[in-house]
Amino acid sequence: MRIDFIRHTPATDSLILIFAGWSTDPSLYRDVEIQGWDVAVVYDYSDLSIDLTLLDRYSTIWLFAWSLGVRIAAATLPEDKITAAYAINGTLSPVDDNFGIPTSIYNGTADNLTPVNLKKFRRRMASDGATFRTHLERDFSDEDTESLRHQLYLIRDLVTPAHQLPWRRAYISDNDKIFPPDNMVRSWNSLGVETRTVSGAHYIPMQQIVRASLPDMAKVADRFAKALATYDDNASAQRIIAEHLSSLLPELPFKKHGKILEIGPGTGLFSRMYAEIIEPDEIDFVDIVDIPQIGIASKENYHTADAERWIRKCDRHYDCILSASTIQWFSNIPDFLSNCRRLLNPGGIIALSAFLPGNLGELNEHRPSPIHYHDVETYRKWMEKYFTDVKITTGSITLDFASPRELMLHLRNTGVGGSAPSPRISPASLRSIRAITYRPVYITAFCPAH
């Protein structure tokens, strides 16, 4: 196998890792780009040897594996290296009558592979002639074809077990002529992995999938920046969440007049609530956008930064780390929690809120959220790895709207449009929706002795 970078910045610690579809190379993925992420492509499955030491420098790696690349990724990547994994039109059993490509069809493709038949195969990968000519049409030599035939046999006869990668979602095209869609649904459902049916053929532009899966923090920042002036008057659900999270603090043995780190304070809605309880002397505020002065402590330090990257480099220590309705955007929550543990003084407290699966679920039909919401047990597992006395509670908040326009104004004026319908969607398309549901989760814990 080979691995090539198509985006690489020395200081970047997050990687989009693409396992290419069979017979494709990095040129097909050149448009994949998310600000703050490197992009690398693994391809050429002539053998399974690959030097993965280059992954060591990354704290966060999101895998996107397409077609036969799904099985190769599962055979070669170590579980502890991958933060999140997404499959696109492929399964862990690629040669299987029930869970992959039917055996007779797969073998027939390999046995009868010629340059002409390979071109016909790649045409079937595309939804139309224009897509084929733009992205998939190319001439293969006899030598190329023999190498690709060998790769098909290698994948078919692969006995290396599939590692338990953190598969979050499998994207399945409804008109895939390579992997039968029903077989893919059956395969991923048997593994308990969420499936998402999309319109199209076997080939889907990888940038489309990456943007549907990985929150673009630059866009998130832009939407929240535009909503700062209107947030407090419209964030009714967020206010309820902040009030409930604040109400949990008196039950904890926090240190009054201590040093606080707050992640994602925004307008200070939650900040002003907890200030009356904790009475902090010093606070570090970290937000992805420039925020107004909050004015609740004698010393306040403001940091405009991606909090996940900022906290990795931070060497200060705190008595309390707080965050309301923010960490659901993070690409590597366990890494964030590990850094919180590192920065908290022994006996310090951490209090967070995020959201659970089904959050804003009424909107999924119109634009599935790019956020993968984690369930309670996942949060519990992560928290108990680093903290003690973990307590987790949940809630449900339903907001009613008189019209689709009111709903869209709520999303725009609070900035949560980052996880909801695009502004291009008209109010008429949402006419059947009269309410949306927030599903918050509240987490508190203590930091043990280092």
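What you see is a predicted model, and the numbers here were worked out from it, not measured in a lab.
- In this structure, Asn413 CG and Asn234 CG are separated by 4.0 Å, a value rounded to the nearest 0.5 Å.
- A donor-acceptor contact closer than 3.5 angstrom links the side chains of Asp176 and His202.
- The backbone N or O of Leu77 lies less than 3.5 Å from a partner atom in the side chain of His163, making a donor-acceptor pair.
- Under 3.5 Å, the side chains of Arg122 and Ser23 contain a donor-acceptor pair of N or O atoms.
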Salt bridge (charged side-chain N to carboxylate O under 4.0 Å, His left out) between Lys81 and Asp56, worked out: CA-CA 8 Å; Lys81 291 289 187 184; Asp56 293 343; 2.3 Å; yes
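- In this structure, Val441 and Ser353 have side chains that are not in contact, with every pair of non-hydrogen atoms separated by 4.5 Å or more.
- Between the side chains of His150 and Ser46, no donor-acceptor pair is found at a separation under 3.5 Å.
- Side-chain contact check for Arg434 versus Pro404: some heavy-atom pair is nearer than 4.5 Å.
- Looking at Phe5 and Leu15, their side chains come closer than 4.5 Å, going by heavy atoms from C-beta outward.
- For Thr304 and Asp290, the side-chain atoms include at least one donor-acceptor pair closer than 3.5 Å.
- No donor-acceptor distance shorter than 3.5 angstrom exists from the side chain of Arg223 to the backbone of Gly415, with no hydrogens or angles considered.
- Distance OH/Tyr318 to CG/Leu344: 10.0 Å, rounded to 0.5 Å.
- Proximity of a side-chain donor or acceptor of Thr24 to a complementary backbone N or O of Ala20 within less than 3.5 Å is not detected.
- Sorted by first and then second residue, the ring-ring contact (aromatic ring centres under 6.0 Å, His included) pairs involving residues 98-136 (not counting sequence neighbours) are Trp22-Phe121, His135-Tyr203.
- Counting only heavy atoms from C-beta outward, the side chains of Thr103 and Asp96 never approach each other to under 4.5 Å.
- Looking at Leu356 and Val376, their side chains come closer than 4.5 Å, going by heavy atoms from C-beta outward.
- A perpendicular orientation is assigned to the rings of Trp66 and Tyr29, their planes being inclined by more than 60° (bins at 30° and 60°).
- Under a 3.5 Å cut-off, the side chain of Gln207 and the backbone N or O of Pro205 do not form any donor-acceptor pair.
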Should Arg168 and Glu194 be marked as a salt bridge (charged side-chain N to carboxylate O under 4.0 Å, His left out) after you check the CA-CA gap, both sets of side-chain angles, and the distance that decides it? CA-CA 7 Å; Arg168 289 186 176 178; Glu194 173 195 344; over 6 Å; no
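- Side-chain atoms of Thr109 come within 3.5 Å of backbone atoms of Ile105 as a donor-acceptor pair (strictly under, hydrogens ignored).
- Side-chain contact check for Glu308 and Ser331: at least one donor-acceptor pair (N or O, by modelled atom type) lies under 3.5 Å.
- Of all the heavy atoms in Phe387 and Leu337, the pair that sits closest is CZ-O, 3.7 Å.
- Heavy atoms only, all atoms of each residue included: Ile178 and Arg124 are closest at CD1-NH1, 4.0 Å.
- Inter-residue side-chain proximity for Val289 and Leu228 is flagged as met; some heavy-atom pair is nearer than 4.5 Å.
- The salt bridge (Lys or Arg N to Asp or Glu O under 4.0 Å) check on Asp25 picks up Arg138, with sequence neighbours excluded.
- Scanning all heavy atoms of the two residues, the minimum distance from Ala75 to Thr160 falls at O-CG2, 3.6 Å.
- Between the side chains of Ser141 and Asp144, a donor-acceptor pair is found at a separation under 3.5 Å.
- Nearest approach of Thr12 to Arg57, heavy atoms of both residues: O-NH2, 2.6 Å.
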Verdict with supporting geometry, Asp38 and Ile16, side-chain contact (heavy atoms from CB on, under 4.5 Å): CA-CA 6 Å; Asp38 283 352; Ile16 294 170; over 6 Å; no
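- A distance-only check finds no donor-acceptor pair linking the side chain of Arg123 to the backbone of Leu118 [under 3.5 Å].
- In this structure a side-chain-to-backbone donor-acceptor pair under 3.5 Å is present from Thr134 to Ala130.
- Considering only heavy atoms from C-beta on, Ile3 comes within 4.5 Å of Leu17 through its side chain.
- Residues passing the salt bridge (Lys or Arg N to Asp or Glu O under 4.0 Å) test with Glu384: none are found, sequence neighbours excluded.
- Without hydrogens or angle criteria, Arg169 side chain to Thr195 main chain gives no donor-acceptor distance under 3.5 Å.
- A donor-acceptor contact shorter than 3.5 Å is absent between the side chain of Glu406 and the backbone of Phe401.
- Put simply, the side chain of Ile443 does not reach to within 4.5 Å of the side chain of Lys391, judged on heavy atoms.
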Let's go through Leu92 and Ser187 carefully: what are the C-alpha distance in whole Å and the side-chain angles of both, what is the deciding distance for side-chain contact (heavy atoms from CB on, under 4.5 Å) to 0.1 Å, and is it a yes or a no? CA-CA 8 Å; Leu92 298 178; Ser187 176; 5.5 Å; no
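- The minimum heavy-atom distance between Asn332 and Ser59, with the atom names listed, is ND2-O, 2.9 Å.
- For the residue pair Ser173 and Asn89, a side-chain donor N or O sits within less than 3.5 Å of a side-chain acceptor on the partner.
- Atom OG1 of residue Thr378 and atom CD1 of residue Ile333 lie 9.5 Å apart, to the nearest 0.5 angstrom.
- In this structure, CD1 in Ile436 is found 8.5 Å from CD1 in Ile433, a value given to the nearest 0.5 Å.
- Note: Phe64 and Trp62 have tilted aromatic rings, judged against thresholds of 30 and 60 degrees for the angle between ring planes.
- Taking CG of Leu152 as the reference point, atom CD1 of Ile155 lies at 6.0 Å (rounded to 0.5 Å).
- Side-chain atoms of Asn359 and Tyr438 form no donor-acceptor pair, as typed in the model, at a separation below 3.5 Å.
- Side-chain polar atoms of Arg186 and Asn98 form no donor-acceptor pair below 3.5 angstrom.
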Using side-chain contact (heavy atoms from CB on, under 4.5 Å), reason through Arg312 and Thr60 one step at a time and then give a plain yes or no. CA-CA 12 Å; Arg312 289 173 193 145; Thr60 301; 3.1 Å; yes
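- Taking the six-membered ring where tryptophan is involved, the planes of Tyr45 and Phe19 are essentially parallel, since the angle between them stays under 30° and well short of 60°.
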Verdict with reasoning, Asp44 to Gln151, per side-chain contact (heavy atoms from CB on, under 4.5 Å): CA-CA 8 Å; Asp44 186 358; Gln151 293 177 39; 3.4 Å; yes
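- What you find for Leu136 and Met125 is that their closest heavy atoms are CD1-CB, 3.9 Å.
- Counting only N and O atoms by type, the side chains of Glu262 and Ser323 include no donor and acceptor under 3.5 Å apart.
- Tested against Trp188 for a ring-ring contact (aromatic ring centres under 6.0 Å, His included), the candidates Tyr171, Phe179, Trp167 yield a single pass: Trp167.
- The closest donor-acceptor contact from the side chain of Asp284 to the backbone of Leu261 lies at 3.5 Å or more, if one exists at all.
- A donor and an acceptor atom, one from each side chain of Asp142 and Thr145, are nowhere located under 3.5 Å apart.
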